[in-house]
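In what follows, a structure is listed as structure tokens, so that the remarks can point back to it.
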Amino acid sequence: MKKILKIYIEAYSGLSKESWMLAIVMLLNRMGSMVLPFLGIYLISELNFTLQQSGIVLSFYGIGAVIGSWLGGWITDKIGNFKVQALSLFLSAPLFLLLPYFKSVESFAAIMLVLSTISEMFRPANSVAITRYAKKQNITRAFSLNRMAVNLGFSIGPSMGGFLSNYSYDLLFYCNAAAALIAGIVFFTFFKGRKERNAAPIEENLPKEEVVKERNAYTDVKFLLFNLVCVFFSMAFFQILNTVPLFYKDVIHLSQTEIGLLMGFSGILIVVFEMLLIHTTEKRFTVTQLLVFGSFITSISFVLFTVNHTLGMLYFAIGLMSIGEMLVLPLMSTVTAFRAQKNNRGAYMGLNGISTAIAFIVSPFLGTHIATTYGFDTLWLITAVLLVAVAIGYYFFTKPLLPKNMQ
């Protein structure tokens, strides 16, 4: 017991107070993401959209996320991460308040486009802030702490969302708005006028032969290939936000409360184990090995959806998926941080954010289409095969982006 406690203490020690505060802001913000897992259900059960119409509307969230990731990265390099994060948080709040007033497919798609553009500008700016305030020797743990906050918010949010949506979806939207506003106030109060700890590029710690002239993120072929693999991983994994809740409701006939608890279970696992997992594995395995293994684990989790539909199996599958998520998502950011340079961190982080954003476009539309036409089991098997291909892609395309000791 003492040994385990010591490992936990080591996993959390040495992180800057700014890293902790960025994580707290992310926690508050992502507690407001409680609407996302229930959005497809809301569109179908409350607004009477078809499954495919729901997929199209959710894809517009993805289109906005692509725009927001690119725009957020570009503006961050121009005006700094503080202004972009504050702008995104304070503008998101009133947009959530407007959601209940949009009832048609066209109008809801339009408001989702605007909302996701504004809210997703936050991500690249926040990632740049992590690299600016984290100590260089523990940048992966700083990203993991931030991811832990995301998942704590995502465990609390959907669990609350399941209860709230049983009473009123409007109340769900209003709570989202309140969470974004509180996150904005906390962020602005703490970071206004604060000096960055780590303004120098990460590459200053690299051997001289590995430091090169400044690259353009959008013509960096090696990074673009890595990012393409990230797109496919995100397309597969983020089924958890759209088709998986629909699968739980329409095929397994779980209640919204049960869905919220099941989704929240993933977040709880990540909160409890991610920092510990990263702390112990990064000393024993390379970044490439962890990305490959995480992709394989996630693949297996989707196969389990086709085995049987008992609650025990569903929780086991989500548990495996959570392990894959813990290994892959923070390391995607770490690889990006090490590839980026002093004056283009926003562009690199924004471009990597686009890999996630593209998934929000393709995943709901393609996922609902396959599920409608061929069934959910076919969707899960296709997703599993895609993730095996992703693991192979990570093996070949990650190594050229990292210093030799991390490959």
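For the numbers below, each heavy atom of this structure counts, side chains included, while hydrogens, waters and symmetry mates do not.
- Atom-to-atom distance recorded for Ile63:CD1 and Thr117:OG1 is 9.5 Å, nearest 0.5 angstrom.
- Taking CE of Met313 as the reference point, atom CG of Leu304 lies at 5.5 Å (rounded to 0.5 Å).
- Using a 4.5 Å cut-off on side-chain heavy atoms (C-beta onward), Val186 and Met21 make contact.
- The 12-atom threshold is exceeded at OH of Tyr248, counting heavy atoms of other residues, nucleotides or ligands nearer than 6.0 Å.
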Quiz item: Can you check side chain to side chain contact (heavy atoms under 4.5 Å, CB included) on Phe296 and Val388, steps first, answer last?
Solution: CA-CA 6 Å; Phe296 272 120; Val388 172; 3.9 Å; yes
Practice problem: Evaluate the side chain to side chain contact (heavy atoms under 4.5 Å, CB included) criterion for residues Phe226 and Asn352: first the C-alpha distance (whole Å), next the side-chain angles of each, then the deciding distance (0.1 Å), finally the verdict. | Solution: CA-CA 9 Å; Phe226 170 80; Asn352 189 244; 4.2 Å; yes
Please report, to 0.1 Å, the donor-acceptor pairs under 3.5 Å made by any side chain of residues 373-387, with sequence neighbours excluded.
residue	atom	partner	partner atom	Å
Thr373	OG1	His369	O	2.9
Thr378	OG1	Tyr374	O	3.3
Thr383	OG1	Leu379	O	2.8

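- More than 12 heavy atoms of other shown residues, nucleotides or ligands fall within 6.0 angstrom of atom OH in Tyr218.
- In terms of modelled atom types and a separation under 3.5 Å, the side chain of Ser69 and the main chain of Val66 share no donor-acceptor contact.
- In this structure, the separation between CG on Leu99 and OG on Ser107 is 10.5 Å, given to the nearest 0.5 Å.
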What side-chain donor-acceptor pairs closer than 3.5 Å can you find for residues 87-97, not counting sequence neighbours?
residue	atom	partner	partner atom	Å
Ser88	OG	Ile118	O	2.7
Ser88	OG	Ser119	O	3.4
Ser92	OG	Ser88	O	2.7

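- Taking the side chain as every heavy atom from C-beta outward, Gln85 and Leu22 approach each other to under 4.5 Å.
- When all heavy atoms are compared, the tightest approach of Asn227 to Ser355 is O-CB, 3.8 Å.
- Taking a 6.0 Å sphere around CZ of Phe293, one finds it holds 12 or fewer heavy atoms contributed by other residues, nucleotides or ligands.
- Nearest heavy atoms, Ser301 versus Leu320: CB-CB, 3.9 Å.
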Quiz item: Can Gln239 and Phe305 be said to form a side chain to side chain contact (heavy atoms under 4.5 Å, CB included), step by step?
Solution: CA-CA 12 Å; Gln239 298 286 340; Phe305 282 151; over 6 Å; no
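- Residues Phe143 and Met332 form no side-chain contact, since every pair of their non-hydrogen atoms from C-beta on lies 4.5 Å or further apart.
- Aromatic ring orientation, Tyr315 versus Phe265: perpendicular (interplanar angle above 60°, classes split at 30° and 60°).
- Within the model, atoms CG of Asn216 and CG of Leu351 stand 9.5 Å from one another, a figure rounded to the nearest 0.5 Å.
- Counting heavy-atom neighbours within 6.0 Å of Phe108 CZ, excluding the residue itself, gives a total above 12.
- Taking every heavy atom of both residues into account, Ala125 and Thr76 meet most closely at CB-OG1, 3.4 Å.
- Between the side chains of Ser116 and Glu120, no donor-acceptor pair is found at a separation under 3.5 Å.
- Contact check for Thr50 versus Thr372: no side-chain heavy atoms found under the 4.5 Å cut-off.
- Ser363 places a side-chain N or O within 3.5 Å of a backbone atom of Met235 that can act as its donor or acceptor partner.
- Note that CD1 of Ile354 is 13.0 Å distant from CZ of Arg123, once rounded to the nearest 0.5 Å.
- Side-chain atoms of Phe247 and His309, non-hydrogen and from C-beta on, do get closer than 4.5 Å to each other.
- The aromatic rings of Phe188 and Phe82 are tilted relative to each other, their planes meeting at an angle between 30° and 60°.
- Not a single donor-acceptor pair under 3.5 Å links the side chain of Ser299 to the backbone N or O of Ser295.
- Between Thr131 and Ala337 the shortest heavy-atom distance is CG2-CB, 3.9 Å.
- Using bins of under 30°, 30° to 60° and over 60° for the plane-to-plane angle, the ring pair Phe233/Tyr394 lands in the tilted bin.
- Two residues are said to be in side-chain contact when any heavy atoms from C-beta on lie closer than 4.5 Å; Phe237 and Leu329 meet this criterion.
- Residue pairs meeting the salt bridge (charged side-chain N to carboxylate O under 4.0 Å, His left out) criterion with at least one member in residues 219-237, sequence neighbours excluded, are Arg215-Asp220, Asp220-Arg339.
- At a threshold of 4.5 Å between non-hydrogen side-chain atoms, the residues Phe187 and Phe122 do not count as touching.
- For the atom pair CG (Asn146) and OG (Ser127), the distance works out to 7.0 Å, reported to the nearest 0.5 Å.
- Counting heavy atoms from C-beta outward, Ser234 and Ile358 have side chains that stay 4.5 Å or more apart.
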Exercise. Under the side chain to side chain contact (heavy atoms under 4.5 Å, CB included) rule, what do Phe223 and Leu401 come out as? Steps first, then yes or no, please.
Key: CA-CA 7 Å; Phe223 181 71; Leu401 305 180; 4.1 Å; yes
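- Considering all non-hydrogen atoms of both residues, Leu113 and Gly64 come closest at CD1-N, 3.4 Å.
- Summarising the geometry of Pro124 relative to Met121, their closest heavy-atom pair is CD-O, 3.5 Å, with the distance given to 0.1 Å.
- With hydrogens and angles left out, the side-chain atoms of Asn126 and Asn81 include no donor and acceptor closer than 3.5 Å.
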